[in-house]
Amino acid sequence: MRRELIFSLLCATAASANAAPPVFERIEVAPHAYDGGWEHFVGGGVAVFDCDGDTLPELFVAGGSNPSTLFQNTSTESLSFREDTPAQLAQTGVTGAYPLDVDSDGRMDLVVLRVGQDLLLQGRPDCTFAPFESLGFQSEDHWTTGFSATWEDGQTLPTLAFGTYVDRSDPDGPFEACGPTVLYRPDGGRYTVPQHLEPGYCSLSILFSDWSRTGRADLRVSNDRHYYVRGGEEQLWSMGDTPRLYSSDDGWLPYSIWGMGIASRDLTGDGHPEVYLTSMGDQKFQVFDPEAEGPTWRDATYDKGTTAHRPHAGDDGRPSTGWHAQFGDVNNDGLDDIFVAKGNVEQMPDAAMSDPNNLMIQKENGEFVEASSEAGVASMSKSRGAALADLNNDGRLDLVVVNRGADFEVYQNRSQSDNWLLVDVHQDRPNRMAVGGFLEVKTKFGTQTREITVGGGHASGIAGMQHFGIGEADSVQVRIVWPGGETGEWKDVAPNQIIRFGR
């Protein structure tokens with residue numbers, strides 16, 4: 001390990017010396033469950049985004065065989081939500097959704113994943129939506145379970161990638177009958193005929209990320225070996241003019257899991273993202289290797305204490321099943337923690353039926369300890385998608401969890417936490433959300449680097465302000481590396497406030 005990397009790690013840990021344990025309170029909301037047959041054993045996501053302009057994010061929750069539902073945010077100091085779903089969003093067959101300002105008009109649009117044709121909906125005033133009429137987007141009929149987006153050089157529209165699962169039309173399926181990853185690249189102001197990235201291995205999560213810090217995002221795909229059975233693996237597509245798969249010759253390490261969710265965050269301080277991958281059995285934490293000169297992540301699951309391979313509470317000792325994963329600093333100590341949604345696929349006898357969600361808190365030495373029971377979020381429902389997001393702008397990350405066959409859950413973070421920042425980023429040009437940019441937050445304890453991405457998780461996306469815990473720091477510097485590489489000046493700010501970057 002390089003000397004400067006060791007220094008970054010040591011600096012980053014100092015912020016957590018007096019961190020308080022996290023405490024969450026379950027909030028009552030109108031009942032809503034994700035349900036349905038075989039095609040809805042997977043999926044079950046939530047989109048978190050502000051659609052009425054009050055800076056408080058709404059919740060759009062997939063329903064599977066039930067209609068999807070929009071919960072408008074009516075929070076003050078305490079969280080509260082009102083069910084108010086416009087007709088265009090009350091869709092059945094929905095597996096998940098991701099917010100994205102497709103046309104860069106300042107209103108959030110919505111990508112809705114379905115069993116069937118996916119929807120690309122334009123945001124209108126007061127949380128109403130309508131199909132885009134002029135973009136040329138024509139969805140194919142797929143069982144869609146993953147999504148990600150990025151802006152490629154010179155384009156006014158985002159490149160859209162949809163991860164598909166089992167090909168339902170294959171008469172020899174469902175095993176070894178996986179659909180492709182479907183890529184929509186724009187040509188001017190319209191989308192061209194979709195391109196199939198093959199082979200496809202039944203992806204359940206995909207993510208565009210500029211892992212190499214070269215200004216180009218490549219596409220990571222996490223695949224479910226339950227259905228590809230053999231011959232498949234995790235994938236990383238190099239997004240040149242003609243996409244190609246990275247191989248071992250490039251430094252990519254072959255990896256085969258029951259891939260269900262992707263979380264990405266720089267935890268080592270080298271500016272490159274680590275990844276956390278959910279699976280059946282042990283979950284995988286992989287650290288980027290900056291010396292490999294290629295897309296190389298090395299397993300650190302056991303070293304970091306993040307296996308989460310069996311239920312941490314109850315008496316069911318069978319292997320766990322992980323779904324949504326997300327990094328976030330739930331106690332604002334300057335160290336990112338990990339939330340994992342857990343739950344049996346349906347009635348799989350070799351996997352735990354009572355499988356509580358995980359909330360793993362990062363310690364000063366970089367290891368993680370389980371805290372979900374103490375925090376009050378160790379639900380035993382069959383959880384699927386989720387979101388860690390500040391739902392009332394008080395500087396603390398709250399939690400939303402979508403459950404299969406049970407009501408979804410909303411938890412307010414009541415922790416006595418350290419200092420924080422919320423950072424709002426926008427640009428008055430295509431790619432208004434600055435997807436592909438990097439935020440850097442520097443205190444006396446070290447520098448946090450955050451890539452602005454759309455995708456990952458399990459069928460669940462968040463758009464809005466970026467949350468940073470900064471421990472006991474009383475002075476902060478923030479800057480942004482904009483998409484395209486322009487680097488802003490360091491900005492001195494006080495903690496515990498919302499700050500905005502624009503250009």
Side-chain angles (χ1 to χ4, degrees), residues 47-58 98-111 123 148-153 155-159 207-210 213 215-217 264-266 271 273 326-329 332 336 387-391 393-395 397 419-443 447-457 461-470 476-503:
V48 180
F49 65 109
D50 176 21
C51 62
D52 60 9
D54 65 356
T55 76
L56 296 175
E58 276 65 55
Y98 290 79
L100 175 71
D101 190 351
V102 174
D103 53 1
S104 301
D105 67 350
R107 281 198 196 100
M108 206 57 65
D109 309 310
L110 201 57
V111 180
S148 191
T150 189
W151 264 260
E152 297 187 88
D153 284 346
Q155 297 294 343
T156 59
L157 292 174
T159 293
L207 178 66
F208 279 114
S209 173
D210 182 9
R213 300 299 299 268
R216 186 191 75 187
S264 178
R265 187 66 56 89
D266 173 25
Q326 188 177 337
F327 290 107
D329 188 353
N332 287 341
D336 277 303
L388 280 173
D390 187 348
L391 299 177
N393 297 337
D394 69 350
L397 289 175
N419 294 334
W420 52 272
L421 281 179
L422 290 173
V423 184
D424 181 35
V425 178
H426 71 274
Q427 47 183 4
D428 293 328
R429 60 190 72 184
N431 188 10
R432 184 177 177 85
M433 299 164 60
V435 175
F438 287 81
L439 282 167
E440 297 175 336
V441 173
K442 182 166 63 175
T443 71
T447 301
Q448 299 182 54
T449 301
R450 179 81 51 81
E451 183 181 10
I452 301 173
T453 62
V454 176
I462 303 170
M465 291 182 281
Q466 298 284 335
H467 169 272
F468 292 85
I470 55 174
V476 191
Q477 289 185 304
V478 186
R479 74 175 180 182
I480 184 169
V481 180
W482 293 99
E486 178 186 339
T487 302
E489 298 293 328
W490 287 106
K491 183 177 181 180
D492 294 309
V493 300
N496 303 324
Q497 64 168 322
I498 297 170
I499 63 170
R500 291 180 167 84
F501 280 96
R503 69 168 181 173

Using a 3.5 Å cut-off and no angle test, enumerate the donor-acceptor pairs between side-chain atoms of residues 492-500 and protein atoms at least two apart in sequence or in another chain.
{"from": "Asp492", "atom 1": "OD1", "to": "Gln477", "atom 2": "NE2", "distance (Å)": "3.1"}
{"from": "Asn496", "atom 1": "OD1", "to": "Trp420", "atom 2": "N", "distance (Å)": "3.0"}
{"from": "Asn496", "atom 1": "OD1", "to": "Trp420", "atom 2": "NE1", "distance (Å)": "3.2"}
{"from": "Asn496", "atom 1": "ND2", "to": "Asn419", "atom 2": "OD1", "distance (Å)": "3.0"}
{"from": "Gln497", "atom 1": "NE2", "to": "Ala494", "atom 2": "O", "distance (Å)": "3.0"}
{"from": "Arg500", "atom 1": "NE", "to": "Asp424", "atom 2": "OD2", "distance (Å)": "3.3"}

Worksheet entry | For the student: nearest non-hydrogen atoms of Pro99 and Phe49, plus distance | CB-CB, 3.6 Å
Discussion item. Tell me the closest heavy-atom pair linking Val102 and Leu157, and the distance in Å.
Written reply: O-CD2, 3.7 Å
Worksheet entry | From CA spacing to verdict: side chain to side chain contact (heavy atoms under 4.5 Å, CB included), Val435, Phe208 | CA-CA 10 Å; Val435 175; Phe208 279 114; over 6 Å; no
Worksheet entry | Separation between OG1 of Thr487 and CD of Glu440, rounded to the nearest 0.5 Å | 7.5 Å
Fill in: Counterpart residues, salt bridge (Lys or Arg N to Asp or Glu O under 4.0 Å), relative to Asp103 (two or more places apart)
none
Worksheet item: Can you find a heavy atom in the side chain of Asp52 that is under 4.5 Å from one in the side chain of Glu58?
Response: yes
Discussion item. How long is the straight-line distance from CD of Glu489 back to CZ of Arg479, given to the nearest 0.5 Å?
Written reply: 8.5 Å
Discussion item. Is any side-chain heavy atom of Gln466 closer than 4.5 Å to one of Val441?
Written reply: no
Worksheet item: Do Pro158 and Leu100 touch side chain to side chain, with heavy atoms closer than 4.5 Å?
Response: yes
Discussion item. On a heavy-atom basis, which atom in Arg107 and which in Asp101 lie closest, and how many Å separate them?
Written reply: O-OD1, 3.2 Å
Discussion item. I need the Asp336 CG to His467 NE2 distance, nearest 0.5 Å.
Written reply: 9.5 Å
Discussion item. Just so I know, are the side chains of Thr449 and Val481 near enough to count as touching, which here means a heavy-atom distance under 4.5 Å?
Written reply: no
Worksheet, complete the sentence: Value for CH2 (Trp482) from CG (Leu439), rounded to nearest 0.5 Å, stands at 8.5 Å
Discussion item. Which heavy atom of Pro273 sits nearest to which heavy atom of Ser264, and what is that distance?
Written reply: CB-OG, 3.2 Å
Worksheet item: Side chain of Asn431, backbone of Pro483: donor and acceptor closer than 3.5 Å?
Response: no
Practice prompt. Examine distances only and state if a side-chain atom of Ser148 and a backbone atom of Val454 form a donor-acceptor pair shorter than 3.5 Å.
Written response: yes
Worksheet item: If every non-hydrogen atom of Asp266 is compared with every non-hydrogen atom of Gly271, which pair is closest and at what distance?
Response: OD2-N, 3.0 Å
Worksheet item: Any side-chain heavy-atom pair from Met108 and Asp50 closer than 4.5 angstrom?
Response: no
Fill in: Closest contact, heavy atoms only, Ala389 versus Val48
CB-CG1, 4.1 Å
Worksheet, complete the sentence: dist His426:NE2 -> Arg503:CZ (nearest 0.5 Å) comes out at 11.0 Å
Item to complete: To the nearest 0.5 Å, tell me how far Gln448 CD sits from Phe468 CZ.
Response: 6.0 Å
